Asker: 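Here it is, the structure in full.
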Amino acid sequence: MTAKTNKPQTEHAAYAAGADKTVQPGTGAPAGAAYTFRKLTPHEIPAALSLAWEVFSEFETPVYPPEGTEEFKSCLKNEQYLAGLAYYGAFDGTKLIGQLGIRTRKMHICFFFVKGDYHRRGIGTSLFGLLRRDYPDRAFTLNSSPYGLPFYKALGFIPTDSLQTVNGIDFTPMKYTP
């Protein structure tokens, strides 16, 4: 993959300059729509975890065995697993429509979800752009579901191993290097 795929999209270049975090969405968005992207406050984290469950249930549960669904659900309630995560959110007005949760010590993205009605509008790309603005020279890892693989490749992540299954969860380990 060329270095060009790692560069932020034009609509997200403002992040690198530290500009306002309210941006026009990407292709496919309603005309005139704008979303806000920012770090979440501690009291917003339950809503982010709820959004993760909602999106996982819609896009992953239909293809995962019950063991995988239960494994994911247990992660959302495991305080030890959730400790140390920083969360970013995307908002349509006051409505949380996307979230990214990262373990900042390891730069590992644990949660990255956008509501289905908002897919293909640049929201996930903008969330990742905000993360890159906060950590411009850092590499990131994540474990991609089969559903998310094309999206992460488009962001510039590359697989570091083949598809794996652990506790019913299918994933491909990936890494992004600036």
Side-chain angles (χ1 to χ4, degrees), residues 6 8 12 15-16 18 21 23 35-61 64 67-92 94-116 118-119 122-149 151-153 155-161 164-178:
N6 287 340
H12 310 294
Y15 289 143
K21 295 174 198 150
V23 298
Y35 305 117
T36 303
F37 302 87
R38 62 175 171 76
K39 280 189 171 181
L40 297 181
T41 64
H43 78 274
E44 292 171 318
I45 293 171
L49 297 175
S50 178
L51 184 145
W53 175 246
E54 174 188 333
V55 176
F56 182 90
S57 296
E58 182 177 354
F59 294 97
E60 304 297 346
T61 295
Y64 275 19
E67 175 190 20
T69 298
E70 286 306 311
E71 177 70 16
F72 184 79
K73 190 179 208 180
S74 70
C75 287
L76 297 173
K77 298 176 182 179
N78 183 330
E79 290 182 25
Q80 185 177 1
Y81 179 80
L82 298 174
L85 293 178
Y87 294 87
Y88 293 81
F91 294 85
D92 184 356
T94 59
K95 178 182 177 182
L96 182 65
I97 57 170
Q99 63 98 325
L100 184 156
I102 183 166
R103 194 167 306 287
T104 56
R105 279 190 5 189
K106 295 181 179 183
M107 291 291 125
H108 182 78
I109 298 170
C110 300
F111 300 117
F112 199 161
F113 294 95
V114 175
K115 285 182 172 280
Y118 289 87
H119 284 186
I123 293 164
T125 304
S126 293
L127 279 168
F128 187 62
L130 180 57
L131 181 67
R132 287 198 58 220
R133 188 204 72 186
D134 285 354
Y135 301 98
D137 299 321
R138 300 294 302 267
F140 304 101
T141 61
L142 57 77
N143 294 325
S144 175
S145 70
Y147 182 84
L149 199 60
F151 170 71
Y152 296 124
K153 284 182 176 180
L155 288 179
F157 281 84
I158 57 169
T160 58
D161 205 342
Q164 301 176 23
T165 302
V166 175
N167 297 329
I169 301 282
D170 294 333
F171 65 92
T172 301
M174 302 186 84
K175 184 173 185 177
Y176 173 90
T177 305

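This is a predicted model, so every value here is computed, not measured. Numbers here are sequence positions counted from 1.
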Asker: Taking Ser126 for its side chain and Gly122 for its backbone only, find out whether a donor-acceptor pair lies under 3.5 Å.
Answerer: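 Checked: pair present.
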
Asker: The test is side chain to side chain contact (heavy atoms under 4.5 Å, CB included); show your working for Tyr135 and Met107 and say whether it passes.
Answerer: CA-CA 9 Å; Tyr135 301 98; Met107 291 291 125; 3.6 Å; yes

Asker: Is there a side chain to side chain contact (heavy atoms under 4.5 Å, CB included) between Leu155 and Phe140 once you walk through the steps?
Answerer: CA-CA 11 Å; Leu155 288 179; Phe140 304 101; over 6 Å; no

Asker: Within this structure, what is the CG-OG1 distance for the pair Asp137 and Thr177, rounded to the nearest 0.5 Å?
Answerer: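 Result: 12.0 Å between the selected atoms.
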
Asker: How long is the straight-line distance from CD1 of Ile45 back to CG of Leu85, given to the nearest 0.5 Å?
Answerer: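 The CD1 atom of Ile45 is 8.0 Å from CG of Leu85, to the nearest 0.5 Å.
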
Asker: Could you walk me through whether Tyr64 and Phe56 pass ring pair (Phe, Tyr, Trp, His ring centres under 6.0 Å), step by step?
Answerer: CA-CA 10 Å; Tyr64 275 19; Phe56 182 90; 5.6 Å; yes

Asker: Mind checking whether Gln164 and Ile169 have side chains closer than 4.5 Å, heavy atoms only?
Answerer: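 When only atoms from C-beta onward are counted, Ile169 and Gln164 do not touch, as no gap falls below 4.5 Å.
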
Asker: Is Arg38 salt-bridged to Glu44, cutoff N-O under 4.0 Å?
Answerer: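 Here Arg38 pairs with Glu44 in a salt bridge, since their nearest N and O are under 4.0 Å apart.
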
Asker: Looking only at the side chains, is there a donor atom on one of Ser57 and Glu54 sitting less than 3.5 Å from an acceptor on the other?
Answerer: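 Distance-only check fails for Ser57 and Glu54.
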
Asker: Please determine, by modelled atom types, if Asp92 and Tyr118 share a side-chain donor-acceptor pair under 3.5 angstrom.
Answerer: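 Yes, a side-chain donor-acceptor pair sits under 3.5 Å.
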
Asker: So among Phe151, Phe72, Phe59, Tyr88, which one has a ring pair (Phe, Tyr, Trp, His ring centres under 6.0 Å) with Phe113?
Answerer: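 It is Phe72, the one option of Phe151, Phe72, Phe59, Tyr88 that forms the ring pair (Phe, Tyr, Trp, His ring centres under 6.0 Å) with Phe113.
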
Asker: Could you walk me through whether Leu96 and Lys115 pass the side chain to side chain contact (heavy atoms under 4.5 Å, CB included) check?
Answerer: CA-CA 9 Å; Leu96 182 65; Lys115 285 182 172 280; over 6 Å; no

Asker: Dump the intermediate steps for ring pair (Phe, Tyr, Trp, His ring centres under 6.0 Å) on Phe128 and Tyr176, then the final yes or no.
Answerer: CA-CA 11 Å; Phe128 187 62; Tyr176 173 90; 5.0 Å; yes

Asker: For Tyr81, is there any backbone N or O sitting under 3.5 Å from a side-chain donor or acceptor partner on Arg103?
Answerer: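 Yes; at least one donor-acceptor contact below 3.5 Å.
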
Asker: Quick one: does any side-chain atom of Ser74 pair with a main-chain N or O of Glu71 as donor and acceptor, under 3.5 Å?
Answerer: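 Looks like yes, one N/O pair under 3.5 Å.
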
Asker: Determine the minimum heavy-atom distance between Ala48 and Leu40, stating which atoms define it.
Answerer: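 For Ala48 versus Leu40, the nearest heavy atoms are CB-CD1, 3.6 Å.
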
Asker: So which heavy atom on Leu51 is nearest to which on Gln99, and how close?
Answerer: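 Looking at all heavy atoms of both residues, the closest pair is CD2-CG, 3.8 Å.
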
Asker: Run the side chain to side chain contact (heavy atoms under 4.5 Å, CB included) check on Ile102 and Leu131 step by step: do they pass?
Answerer: CA-CA 9 Å; Ile102 183 166; Leu131 181 67; 3.9 Å; yes

Asker: Restricting to salt bridge (Lys or Arg N to Asp or Glu O under 4.0 Å), what partner residues turn up for Glu70, sequence neighbours left out?
Answerer: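 Testing Glu70 for salt bridge (Lys or Arg N to Asp or Glu O under 4.0 Å), a comparison that skips the adjacent residues, returns none.
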
Asker: Could you state the interatomic distance from CG (Leu49) to CG (Leu82), rounded to the nearest 0.5 Å?
Answerer: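 Going from CG on Leu49 over to CG on Leu82, the span is 5.5 Å.
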
Asker: So, taking the atom named CG in Asp134 and the one named OG1 in Thr104, what distance separates them when rounded to the nearest 0.5 Å?
Answerer: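 These two atoms lie 11.0 Å from each other.
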
Asker: In Å, rounded to the nearest 0.5 Å, how long is the span from OG1 of Thr141 to CZ of Phe157?
Answerer: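 The distance works out to 8.0 Å.
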
Asker: So which atom in Leu142 and which in His108 form the shortest heavy-atom distance, rounded to 0.1 Å?
Answerer: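 Smallest interatomic distance, heavy atoms only, reads CA-CE1, 3.4 Å.
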
Asker: For the CD1 atom of Ile158 and the OG1 atom of Thr172, what is their distance to the nearest 0.5 Å?
Answerer: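 These two atoms lie 13.0 Å from each other.
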
Asker: Please name the pair of heavy atoms, one in Pro136 and one in Pro178, separated by the smallest distance, quoted to 0.1 Å.
Answerer: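 Heavy-atom minimum between the residues: O-CB, 3.9 Å.
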
Asker: Counting neighbours of NZ on Lys175 that are heavy atoms of other residues, nucleotides or ligands and sit closer than 6.0 Å, is the number greater than 12?
Answerer: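 It does not: Lys175 NZ has 12 such atoms or fewer within range.
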
Asker: Any donor and acceptor pair, going by atom type alone, linking the side chain of Ser145 with main-chain N or O of Gly148 inside 3.5 Å?
Answerer: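 Yes, Ser145 side chain to Gly148 backbone: donor-acceptor pair under 3.5 Å.
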
Asker: With a 4.5 Å cut-off on side-chain heavy atoms, are Phe171 and Ser144 touching?
Answerer: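 In short, these two side chains do not touch, never coming nearer than 4.5 Å.
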
Asker: Without swapping roles, check the side chain of His119 against the backbone of Val114 for a donor-acceptor pair under 3.5 Å.
Answerer: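 Judged by distance alone, yes, a pair lies under 3.5 Å.
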
